[in-house]
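In the text below, chain A, chain B and the rest are named by the order of the sequence lines, each starting its count at 1.
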Amino acid sequence: MKRIFPTYSADWLKPLRKWFVRWPVVPAIAAAWIVFVALAALATPWLSPFDPNYGSIMDGSLSPSWKHWLGTDQQGRDIATRLLTGAGPTLIGALLCTLLAAAIGALNGLAAGLNGRWTDRISTTVWDIIMAIPGLILALVLVTVLGRNIYTASLALAIVNVPVMGRLVRAEAKVLRRTPYVEAALLAGASNRFIIWKHLLPGIIPVVFARSSLTFGYAILDLSALSYLGVGVQPPAADWGAMLAQGRHTLLVSPLGTICAGLAITLTALSFQFIGDEIQRRWSPKR
Amino acid sequence: MEDILVELQQVTIAYGSKPHDTTVVHDVGISLRKGSIHCLVGESGSGKSTLAYTTAGLLGKHAHIEAGQLSFPGGRALKLGSEAHKSWTRTKVGLVMQDPLESLHPLYRVGAQMAEAYCLADRTEKRASALQKAGALLRRMGIADSDRVLRAYPHELSGGLRQRIVIAIAIAKNPDLLICDEPTSALDVTVQRQILVLLRQIANSGKTILLITHDMGVVAQVGDSVSVMKNGSIVEEQDVYALFRSPLHAYTQKLLKATPRLDVPFWKQEDHQ
Amino acid sequence: MRIWISLFRAVVIIFSVGVLIFLLMRALPVDPLATLAGGKSANPELIAELRAQFGLDQPLFAQLGDWLFKLLQGDFGISIQTRQNVLTMIGNYLPITLQLLLGSLIVIFLISVPLGVWAGANQGGRLDQLLSSLSMLFGVVPIFFSGILVIQLFGTTLNWLPTFGEGEPGWDRVVHLLLPCLLLGLQAGSSLTRMVRSSVAEAMDQSYIRLAAAKGAGRLRIVWVHAFRASWMTIVSITAMNAGYLLVQAVLVEYTFGISGFGSIMIKAAQESDYNVVQACALVVSAVFVAANTLADWLHPWIDPRLGEREENEL
Amino acid sequence: SSTEKPSGTADVTPSPTNQGSAASEQGGKFRVGLSNDARLLDPAHTYDSATIVVEVNIVESLFHFDDNLSLQPVLVESFEQPEPTVYEYKLRKGVTFHDGTELKATDVVASLNRIKNPKTASEFNYMFKNFKSAEALDDYTVKVVLSTPDTLWNTYLATPAGGVLPEAFINKYGNDIGKPDVGVIGTGPYKFESWKTGSQITLAKNAQYWDAENPPHMDQVVFRVIPDDNTRVSAMQSGELDALHNPGGNSIGLSTELVGKVKQFKNVTVQQAETFNYDWVAINVSRKPLDDRNVRVAINQAFPQKQAVEKLLGEAGTPAKDFISPTLWTFEKDVFQQSFDKLPSYEYNLEEAKKTLASSSSPDGFTATLITDNRPSRLNLAEAFSSSLREIGIKVEIKQVSIDEYYTYLFGQNRDYDFIVGGWAPDFPDPAGNLEPLFWSGNITNGGSNRSSYSNPEFDKLLEQSNQEQDLKKRAELLASANEILVNDAPYVLLGRRVAYFAIRDEFAGYKLTPDLYDPIAARIYRVSK
Amino acid sequence: MSIEEKPLLRLEGIVKHFTSRDVKQQAGGKKSVAAVDGVSLTIHRNEIIALVGESGSGKSTLGRIAVGLEVPDAGKVIFHDSEWSGSRKQIPEAWRGKRQMVFQSPHSSLNPRHTIADSLAEPLRLAGWERSRTERRISTIMEWLMLPEKALERYPHQFSGGQLQRIAIGRAIAAEPELIVADEPVASLDTSTQIQILELFKTIRQETSVACLFITHGLQTVRWLADQMAVMKSGKLVEVSYAETFFSQPQHPYSRSLLEAVPVPDPTRNRISGDEEGDG
Ligand SMILES: Nc1ncnc2c1ncn2[C@@H]1O[C@H](COP(=O)(O)OP(=O)(O)OP(=O)(O)O)[C@@H](O)[C@H]1O
Ligand SMILES: Nc1ncnc2c1ncn2[C@@H]1O[C@H](COP(=O)(O)OP(=O)(O)OP(=O)(O)O)[C@@H](O)[C@H]1O
Ligand SMILES: [Mg+2]
Ligand SMILES: [Mg+2]
């Protein structure tokens, strides 16, 4: 009997436990890539003999060699080292943005979808206003005003992304609120908190993950756009977006660094989407 | 027998994926006579719907057919789930699903959905005439304001109306074999009676009907022969008169005994408690 | 009644955006006249004169009031950088971007949506994996990157298509905008592909799909008539939500393909603190956004009749 | 390709009309790729390179600079200077504007007054600070009176500030001149035809051009704006452009690597010319410890200028020692040469730099901020500067800001930075064009471009004297001494001077790139017969 | 069959309209359907009322109003002594957990992400039951519902319609509510299971004196269960009478036609030949 009732407190986590049974190949590779990138970013200071941020102009623009796998940039910094350390700010920035957008958006969306009336009206109007402002400009201004670093950039992009998440969650919450099982819980005396925690939150998780995996990819790109406009990660710190942005002027002639940064961004964004997809698939009922 | 339409043989169906699957229908065989109503009764969860879906070639992706075939008197046999079987079902089999509240498309008008059935059955059919036929069919099923119903979206209609529409869609195809999975469970008895009359008329016109129900009254009213299912197997198959007169299997006896009746004085039924 | 409510809502949103952008632009630690001087020295008298000409010597709220008042008369002011009338500028630049958007929408509807439908109908299968990876790829590859690739391929190596510009109206325009629309559409459509995919996949599990199959509908009909219909709501809402965004997103293709459009002047103006231009552009974006969403709100009950008026937007 | 033909060999003199060659070589379109659109085709506001490239083909000034950067009359036939503050210009006769009216003295007067008029808010207004009045003595004589003598006055008139528009046109359109729907009317070889903002400007041949010896040949000259460098180069490669202009070789031009790519194209010649465009880091001398000369010298010694030019600019740059580049020694070359040889040099030498720093007020190094915007050339210099200063213990924190904020730092009142990266191109080719805006103390605040906050009374005095000095030799000496003081004070770190490029399809000839910003590129272009 | 003096639930003059849009008919026009049209009904403790009637006559709607899931447009809902009408949107706090509903459609009435155990435990948890008691209660319920204990670990999609319906009933009765509205709870069960479930209702009533509003089409099955019969037609109650009276002397013509149409489980009698005209 005990075996059957072990998870009253957080029983909606149950699907998680079955995960390790059958990891499909593609999401597994995606996860491996992200782990690799994260570890590489952490370990590069110990593994690489080169300083990612400062080089000597004398070693500038070297071609790839055994010493410098991808060559050096004009500043004489090892491109491979920069690429690996650049993963740090990029991942942190995009993850932070995604998490913030997901958390704020989901909570706000739930509140709007569940309470209706004024919470709903005010939330949707505020979302509409945010969405009606060109996102990049809003982010640009926010970052400039709040201070230029990866955290404010993530926050600003998160704010830009909240409305979409909020709308999706709100719509889902409105549907879920009307399902008989939620009505049954209401009749049984469930509080709003209970309903949210037990029925709505698990119900919106697929939506949240689906959206978040998209947000992540776009966050990397948007961060690089902010870098390009001069308000992203501050030099000489490396991040992929900035590397990509800087390399675009010489794309036709020396594309190696740019291609690598672009490839890293693309692969990581894709990986997150595959993982998000898998989570969504596994979380959905009726398998 | 000359008048047999099809025969289901050795049907075995399991749910779930291979190592962990559970067999819910074991080695079941049913023969369906042309122009008759064959009733399938049984315990809830015994696999009736599963069998119905299998026959109609519409088993969901969670289930798989372990074995089974459909054979025709002429010697032709189709492996269940095979392409040949599916193309046969597409034209010759109609299905009324168990859950009428959810089986209509929520975003199309009822009229469009019914017209589609006509048009798919007969590619030369024009939409306007299909709509007319649909209206006529609804009226025949006891729906007086068929125009309003045809224009309505499913969510605007009560469960009973929707159930009748689902039945109408299955009939519209003019199938040789009509499978009805509890077609009247959401209907009040007067409407149920109309539906049953309709089914009877369809059967009389030479079609075959497989009627899944748990109402022994319905079985008695329209059934010609009955199969009783329990735990995924058919425990008894008999002519309807014979079944009611002398049920063989213990479960059938229990079933009949448990059936409440209005025509018998109240106190005489006390014993089945 | 609904008309008035949506109109009121639209006005509230556009007005708020205007005021917000106005204040945000001025919250930046930037002097637009410094940019104007553009790296040359200017004497104090000149700067004072310019400040007066552009009304920047007024107190903040006087400027705001003045701007709003002139707006009501249809006067968007003049650009600090080019001294051109902002309304004329937008009139010059907006059409080409709208054409770009139209082209991208066509790409979205002809490529991205079908991609999503196919993937959703085959969820979990090989085709699904291939199609969804492909659409994700289009979504995350930066346009200046893919742009230069296609320009090099089709423009210089094969010499089939022009490398830049928007061409003359007519067929020439179509040829010029082919690649930009394709890239923009594929990028903007990638999220839609995923949304459509999951909504179609969900629909494929519903019992009405089984009913359709029971009616004898073929696979194509089931997917395209029955399952696809369930994703219309998603398509309309997402497209409407992205309408304003797309207008700005267009800057990437505009820049890469040397098309002078709305996105470019907006970003350029933002970089140069060209107040009036940024404000006017923001108003245009918000107006497009609000218009698209109002339209979508109006369409919703037609797309999903289950949404009674009770549910949707009282305000 | 470029190896077969040395750059800049295209000959100007044998014009096809003079030789009477086939008429088929006449006419046609000449398409030039630009990275930026013009702002306003009004000579009063023609101060940015993109606008200049277009504008000078339409509106001519009273003077111009020849290939050696010496001043030559254009619309003026001759002039006299009865007093140091009075000029009398005799105008060329028979010059017509594009609207058919003849150039008269009143047009010149109106044009000059227009620049001076504060309502015009011309960026060239500062050149007219000594301008008092202009007067038409007769149809072809203009008298200009200055308030104080100004040696550079005629030089100013060779910039667009000296551009002449018809008086009626000025009166009619005022501040609307140069807008796309109004355009501009001048006396130049091409007339304004249409302007699709952000995308293309079309000029048409002026058949009535006054200079019969050098008539325009092309029917149309089209300037196409393509902001993306890669796309612009691709368009050149695919044959959709006939020329790529890289005005002044400044940061909006092509990167060195891309120029290398263009050089490889078949049938394309890349011309190049030295300019007086500088890349440099300004040191804010009003800040501690940068007010200490030793600190500044140490910084200069710690910066490997040669290597940096080689890596960051490559062929496109030459190291520079001071702000008076040899190209600007347009008069009294010897004086400048002598002074130049005497200048102290802060050769790259880390040991020396450490020693110098040790003797300074801040021997253990310090932390400082550097402002840059996001343009690659600036960013590169900023990063190279920052890494080299680390070697002597100076930590430079880079603050990368958006372009508009960058300019706000450059021209704002408070100059809240220690270093700022920048480029500089003077408005006119004269040593004073660099020294005065950048280092004259009056330009520290209020929109001035003295980004080093440099203020040295002695330097200021020499500079002011040089501006009034009529004698060229004396003037050269004054400028040279001012420069010596400046170099000695070292309020900046110089990277180098840019080389400008001009790529042109071999079907065209008639233009040779010079350091002169105001040379109309389309004026003599013609199609060569194959 | 004792009827207490004080009613548990009183519905007075309940009216409920639904608006739906008919796009084609009149552009943007609305039409209003009176799903429930002035219905008054009283339910006492320990009483089982069977609500029968035409499909689409508003039975489900009335049931939803009785438990407070739908707000009536007019009329009063009085539970115990406290009154609730359309003006307040939230169900009164004191009413929570005292009423339960078994929904008409079994497939959507259980959360697809919860195991059966979770679903059954939910009302108990909300009522503050402690764990061991909850587990015991759930075991009992599973026995009552005749479902194997190992079904507890499974998810709703793994059950047949009838099984789901039973689980939904189990959830409704689990926390011993005072009123249960059951919307066709046994429609999808086979007869013998039906009888057992109905027996279950009887047992529960004896144990907890719960009141029950039983919406059904199966007249014969409620015959011996219901104390009172209520008949609805087109949104109105056309007859409310004691069960015995109803089955012996139905008052309203519609009631009579209902009784006549009930199929008799005897193939020798009342068999449909197909010759009769199929209209009603
Ligand atoms: N997706 C599934 N996975 C696992 N088991 C399933 C699945 N669907 C149904 N079953 C099981 O298969 C058995 C047969 O189900 P089916 O729906 O055919 O029963 P039924 O006879 O129609 O019952 P009812 O009369 O209640 O509708 C049931 O025991 C059910 O639990
Ligand atoms: N949400 C709704 N929107 C519009 N009309 C509705 C809605 N819900 C119910 N109705 C309408 O109200 C009427 C009563 O519906 P209700 O579901 O209460 O009937 P019922 O008696 O339960 O029928 P059945 O026995 O078929 O379930 C029907 O005509 C139905 O179409
Ligand atoms: Mg079933
Ligand atoms: Mg109902």
Side-chain angles (χ1 to χ4, degrees), chain A residues 1-18 114-120 172 175-209 279-287, chain E residues 64 67-70 89-91 93-128 131-132 134-136 138-139 149-153 155-158 168 171-172 174-175 177 179-181 183:
Chain A
M1 203 71 214
K2 283 240 158 55
R3 209 168 34 80
I4 303 172
F5 299 99
T7 52
Y8 280 143
S9 46
D11 48 7
W12 55 271
L13 283 174
K14 216 173 228 172
L16 280 171
R17 280 190 274 113
K18 291 198 172 170
L114 203 60
N115 289 349
R117 283 169 297 170
W118 282 109
T119 324
D120 196 15
E172 191 71 22
V175 172
L176 289 178
R177 191 181 60 164
R178 298 225 158 251
T179 54
Y181 55 84
V182 170
E183 291 184 330
L186 273 174
L187 288 179
S191 59
N192 265 356
R193 232 181 73 206
F194 181 92
I195 301 274
I196 290 179
W197 192 242
K198 292 270 292 188
H199 294 287
L200 299 192
L201 222 45
I204 60 165
I205 272 179
V207 179
V208 172
F209 267 100
I279 291 175
Q280 186 198 0
R281 196 173 70 78
R282 283 177 177 251
W283 206 284
S284 303
K286 263 200 194 171
R287 282 203 291 118
Chain E
R64 289 172 62 81
V67 290
L69 285 175
E70 205 84 62
K89 298 243 165 176
Q90 291 285 315
I91 308 168
E93 197 57 39
W95 297 13
R96 291 196 165 210
K98 301 241 167 81
R99 301 174 301 175
Q100 269 296 357
M101 178 146 185
V102 180
F103 295 90
Q104 193 168 2
S105 156
H107 289 282
S108 53
S109 62
L110 294 169
N111 189 334
R113 287 182 180 79
H114 288 191
T115 60
I116 302 312
D118 297 333
S119 289
L120 287 177
E122 184 181 89
L124 299 174
R125 216 184 130 201
L126 286 166
R131 192 172 159 151
S132 58
T134 304
E135 290 177 10
R136 252 178 291 128
I138 288 179
S139 311
E149 197 129 283
K150 70 171 201 275
L152 281 174
E153 283 175 284
Y155 289 89
H157 72 273
Q158 295 168 311
R171 178 182 58 188
L179 172 70
I180 294 176
V181 172
D183 197 349

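- Listed here is the closest heavy atom pair of E:Phe103 and A:Ala184: CE1-CB, 3.9 Å.
- In this view, E:Gln158 satisfies the side chain to side chain donor-acceptor pair (under 3.5 Å) rule with no residue, not counting sequence neighbours.
- Looking at E:Arg113 and A:Lys198, their side chains never come closer than 4.5 Å, going by heavy atoms from C-beta outward.
- Pairing each heavy atom of E:Ser109 with each of A:Pro180, the nearest pair is CA-CB, 3.6 Å.
- Residues A:Leu187 and E:Leu69 share a closest heavy-atom pair of CD1-CD1, 3.9 Å.
- With contacts defined as side-chain heavy-atom distances shorter than 4.5 Å, the pair A:Tyr181/E:His114 does not qualify.
- A 4.5 Å side-chain heavy-atom check between A:Glu183 and E:Glu70 finds every atom pair outside the cut-off.
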